[in-house]
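Here's the structure, in structure tokens; my notes come after.
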Amino acid sequence: MTTAREAGLVACTRCTRVWPMGTDRCGRCGKTLVSRDTHSLSRVWAWWAAGLLCYFPANLYPMLRTQVLFQVSEDTIVGGAIELAKQGAPFVAIIILIASVAIPIGKFAAIAWLATSVRRGSRTPPQSRHRLYEIVEYIGRWSMIDVFVVAILTALVQLNLAASIKPGPAALAFALSVIFTMLSAQAFDPRLIWDRAADDSASDERA
């Protein structure tokens, strides 16, 4: 099977338009064209580490600060989900736990595994790894559910001295963690998956 690079072509990673090799910029969207991003993995790990560092305070500090008259309560992501379950909203609690705990941890693990498989090789078919990359890219936009909920509640529940809801310090940390993991996924060059698979195949044939 002939690859685009072997055919003298290069694809734009932003709009997917194909151009002849040697073209500097995409004529459709203006992005710089490169056959392979040689610094891709360095940026992936840098953004990944930044996202992981922000994820810890996002779960340790309060996400929401609620004041009703003179009583103030603060809840972390997990604590808020447990409180919702106690108040008779287990479905909402499960959604928050999945979107704010399970999905971010899954994204961290998936990005790290993809980057490691490109560097060290993997027996997993490249099609499966590429599909995993597309899934990580797709679900990135749905990882801000906690921040959206806090923003909506803050805007709606403002009753002067009677009650108020304000975002806690974890809201900013969680938003930064999501943004950094999205940048980490976007920095990954999926074409490296196929290059590594081709190299592994060639090594097996020589062996």
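Predicted, not measured: the structure shown is a model, and the values here were computed from it. Residue indices begin at 1 and follow the sequence shown.
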Tyr61: partners by ring pair (Phe, Tyr, Trp, His ring centres under 6.0 Å), with sequence neighbours left out: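 Scan of Tyr61 (ring pair (Phe, Tyr, Trp, His ring centres under 6.0 Å), adjacent residues dropped) gives none.
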Only counting residues at least two apart or in another chain, list the ones meeting side-chain hydrogen bond (donor to acceptor under 3.5 Å, both in side chains) with Asp189.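 Testing Asp189 for side-chain hydrogen bond (donor to acceptor under 3.5 Å, both in side chains), a comparison that skips the adjacent residues, returns Arg191.
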With [X], which residues qualify under side chain to side chain contact (heavy atoms under 4.5 Å, CB included), at least two apart?
{"X": "Ala110", "result": "Leu132, Val136"}
{"X": "Ile94", "result": "Ile98"}
{"X": "Arg43", "result": "Asp37, His39, Trp47, Ala187"}
{"X": "Ser128", "result": "Thr124, Pro125, Arg131"}

How far apart are the closest heavy atoms of Ala99 and Pro104, and which atoms are they?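 Nearest pair, atom of Ala99 first, then Pro104: O-CD, 3.3 Å.
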On a heavy-atom basis, which atom in Val44 and which in Ala115 lie closest, and how many Å separate them?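 Of all heavy-atom pairs spanning Val44 and Ala115, the closest is CG1-CB, 4.2 Å.
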Is the closest side-chain heavy-atom distance between [X] and [Y] below 4.5 Å?
{"X": "Cys12", "Y": "Cys29", "result": "yes"}
{"X": "Ile193", "Y": "Arg129", "result": "yes"}
{"X": "Val118", "Y": "Leu41", "result": "yes"}
{"X": "Glu137", "Y": "Met182", "result": "no"}
{"X": "Leu33", "Y": "Arg25", "result": "no"}
{"X": "Leu192", "Y": "Ser40", "result": "yes"}
{"X": "Asp24", "Y": "Thr32", "result": "no"}

Quick one: which of Leu60, Thr181, Leu176, Ile105 gives a side chain to side chain contact (heavy atoms under 4.5 Å, CB included) with Tyr55?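 Passing option: Ile105.
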Determine, using the 4.5 Å side-chain heavy-atom cutoff (strictly less than), whether Leu53 and Leu183 are members of one ILVMFWY cluster.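 Leu53 does not cluster with Leu183.
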Can you check whether [Y]'s main-chain N or O pairs, donor with acceptor, with [X]'s side chain at less than 3.5 Å?
{"X": "Thr23", "Y": "Trp19", "answer": "no"}
{"X": "Trp48", "Y": "Ile111", "answer": "no"}
{"X": "Ser177", "Y": "Gly51", "answer": "yes"}
{"X": "Arg17", "Y": "Arg28", "answer": "no"}

How many angstroms lie between [atom1] in [X] and [atom2] in [Y], if you round to the nearest 0.5 Å?
{"X": "Tyr138", "Y": "Tyr133", "atom1": "OH", "atom2": "OH", "result": "15.5 Å"}
{"X": "Leu114", "Y": "Thr116", "atom1": "CG", "atom2": "OG1", "result": "8.5 Å"}
{"X": "Ile179", "Y": "Cys54", "atom1": "CD1", "atom2": "SG", "result": "9.5 Å"}
{"X": "Lys86", "Y": "Ile82", "atom1": "NZ", "atom2": "CD1", "result": "7.0 Å"}
{"X": "Lys107", "Y": "Ser184", "atom1": "NZ", "atom2": "OG", "result": "9.0 Å"}

